[in-house]
Participant: 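Sending over a structure as structure tokens; questions will come in a sec.
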Amino acid sequence: MRSHAERGNDELAPLPVGRGVGVRAGFTTTLSIFPTIMHNKTLTELSAGLATGQYSSRELTAAFLARIQQHNPQLNAFITVTAETALAQAAAADQRRAQGQAGPLTGIPMAHKDIFCTQGVKTSCGSKMLDNFTAPYDATVVAKLNDAGMVMLGKLNMDEFAMGSSNESSHYGPVKNPWDLNAVPGGSSGGSAAAVAARLAPVATATDTGGSIRQPAAFCGVTGIKPTYGRVSRYGMIAYASSLDQGGVIAQSAEDCALLLNAMAGFDPRDSTCVDQPVPDYTAGLGDDIAGLRIGLPRQWFGEGLSNDVAQAVRAAVGQFEQLGATVVDIDLPHAPYCIPCYYVIAMSEASSNLARFDGARYGHRCENPKDLLDMYMRSRGEGFGAEVQRRILIGTYALSAGYYDAYYLKAQKIRRLIAQDFQQALQQCDVIMGPVAPSTAFDLGSHSGDPVQMYLEDIYTLPLNLAGLPGMSIPVGFGDNQRPVGLQMIAGYWQEGLLLKAAHRYQQNSDWHTKRAC
Amino acid sequence: MSLSAEEVHKIAWLARLAITPDQVDAYARDLSSILGFVEQMNAVDTADVMPMAHPQDLSQRLRPDLVSETDQRELFQSIAPKVEAGLYLVPKVIE
């Protein structure tokens, strides 16, 4: 653990090479070009630096582009780097600032998960199916961040169609965990988490259908928030399981999450599930006291299956919340064991329906020389989708087919209600539920790829939240026995993102795990 | 729960997914394993439980029936595999 602290204090430490920490041979830093070390700064610091003219957005953007160029070949966090448009956006941001029209995010570089449509830019969703797809429009989230004057550095790698927990199902190859190149970064937002952990981007968008923000954030030692279902528009966010998908943020801190969520959240008439409810200023409550906060620890989450090192780090973090004035109560989520089968039946059913749109007719991959329409559908889909996506489409198709609907989809929807009710009851006894994000720290690349069910078990603590539609976070709270990061999961009631961010920020003001850097 | 190769073929056909002969056995094994796993759900008594389709029990929002989008046919067709005279081309359907 000491080695992390040392690196946290070493402003010039580049990425480790190969396994282990502190191996630095073969790298030079890009930082010598720039007088100020920009890539380690939070959004608040970058915003202040831009406002006071310490550096321009162009300089800042160039610094991050150089960092991407240097480290991305090893990490594979980006699918597409949009250097030219980024520099143009940066120049426009500088001009906007000169005209006195800059907001807090104007000129700050960021990167989008490649699930968000970006007009004129390849939007692959990690799939061969969309390898040739240039989005003809912007997702609402993209448009909102463009309006705020942010600069897009590029599009981030992910599990194919967000289906995976390790980022190994991407058509573009796995992302490496910046803390240990033999470890997975988590998934499906593995590129987002790795990019922020390696400071290839100060902040990134991500999406969470069953843990795809929280689990990679935990595995990569960064902070992530999955808002309440309906808080952030899903328009232009390629659908996986529509009743579960929700966009959010991966950042260096809760404060940074709050800043970005301020700009992302809000009603969108183009998404029928986006809720028309005012967006509070999520930065306003940061720094508030959390004395009296009631923390609930689900008994079912601290038993068999949870590794000791993760349990220890999580309990230590809860202890620190107690020192900050919170109280702890044990709670029950009795249907917790059923969340995995329930989730996967629902997610796969919705996926099989959503992914029916990829038929080779209007966009995306079309097979060579189809002999008839059916052949075009079948071969385009067979060639365009990878194995995990095909498995989920097949299971979903089966679960929704005549004679099986009641036994699978309907049964899962009923269990879903029981799981959601468990949370409602638990949240009467506490304000925030805390627990592990994943059963262990980041596992080794390739270690779970042979057995899909084994991979699904990784999601046991993250899935129930999506079934209920509640907001959740992951914040870094230490390191496991293998020196890989541990995340703490925090869950609150509907629309309580502000409470989560406040509590997480309070913790981060009194700890320094979030300031540790992989490189 | 065990799926036969024939059942896998049938599901793949329903899903309009061409799978190669060497994939069939692997899928039969994986899908059987997944279906076996989700059978755990049968242990839960859901007799009087209302199915939950969505996190928010909201009704679908309505809007006035007005044109709100502009015609972007050329832009959308610029990324299509095959178009002609403003139409998407697919293999012949009617003989």
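Small disclaimer: the values here were computed from a predicted structure and weren't measured. Naming: A, B, ... by sequence-line order, numbering from 1 per chain.
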Participant: A:Tyr398 versus B:Leu35: any side-chain heavy-atom pair under 4.5 Å?
Facilitator: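 Contact flag for A:Tyr398/B:Leu35 side chains = yes.
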Participant: Atom CD of B:Gln40 and atom SG of A:Cys339: how far apart are they, to the nearest 0.5 Å?
Facilitator: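 Reported to 0.5 Å precision, the distance equals 9.5 Å.
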Participant: Looking at side-chain heavy atoms only, is the closest gap between A:Arg270 and B:Glu69 below 4.5 Å?
Facilitator: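 They are in side-chain contact.
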Participant: side-chain contact (heavy atoms from CB on, under 4.5 Å), that's the test. Do B:Gln56 and A:Tyr494 meet it? Break it down for me.
Facilitator: CA-CA 10 Å; B:Gln56 288 137 6; A:Tyr494 296 109; 5.7 Å; no
Participant: Measure the CD1-CD1 distance between B:Ile11 and A:Ile393 for me, rounded to the nearest 0.5 Å.
Facilitator: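 Taking CD1 in B:Ile11 and CD1 in A:Ile393, the distance rounds to 13.0 Å.
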Participant: Looking at every non-hydrogen atom in both residues, tell me the closest pair between B:Leu75 and A:Gln119 and how far apart they are.
Facilitator: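 That closest heavy-atom pairing would be CD2-NE2, 4.3 Å.
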Participant: Minimum heavy-atom separation for B:Ala53 to A:Gln413, with atom names?
Facilitator: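 Nearest heavy atoms, B:Ala53 then A:Gln413: CA-NE2, 3.3 Å.
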Participant: Check whether any side-chain heavy atom of A:Pro136 lies under 4.5 Å from a side-chain heavy atom of B:Gln77, and answer yes or no.
Facilitator: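 A:Pro136 vs B:Gln77: side chains apart.
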Participant: Would you say the side chain of B:Phe76 lies within less than 4.5 Å of the side chain of A:Arg362, judging by non-hydrogen atoms?
Facilitator: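 No, too far: nothing below the 4.5 Å cut-off.
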Participant: Using atom types as modelled and distance alone, determine if a side-chain donor or acceptor of A:Lys411 lies under 3.5 Å from a backbone N or O of B:Val44.
Facilitator: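 Yes, because the side chain of A:Lys411 sits within donor-acceptor range (under 3.5 Å) of the backbone of B:Val44.
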Participant: Without swapping roles, check the side chain of A:Arg417 against the backbone of B:Thr46 for a donor-acceptor pair under 3.5 Å.
Facilitator: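 Not at all, since once roles are kept as given, no pair shorter than 3.5 Å links the two residues.
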Participant: Do B:Arg61 side-chain atoms and A:Val275 backbone N/O form a donor-acceptor pair below 3.5 Å?
Facilitator: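 Side chain of B:Arg61 to backbone of A:Val275, a donor-acceptor pair under 3.5 Å: no, none is there.
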Participant: Please check: side-chain N/O of A:Arg366 versus main-chain N/O of B:Val90, any donor-acceptor pairing under 3.5 Å?
Facilitator: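 Side chain of A:Arg366 to backbone of B:Val90: no pair is present.
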Participant: To the nearest 0.5 Å, what is the distance between CE (B:Met52) and CD1 (A:Ile419)?
Facilitator: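 Here the interatomic distance stands at 9.5 Å.
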Participant: Can you tell me which portion of B:Ile19 sits under 4.5 Å from chain A's heavy atoms? Options are side chain, backbone, both or neither.
Facilitator: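 For B:Ile19, the side chain is the part near chain A, not the backbone.
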Participant: If we only count heavy atoms from C-beta on, is the B:Pro91 to A:Asp375 side-chain gap below 4.5 Å?
Facilitator: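 No, their side chains stay 4.5 Å or more apart.
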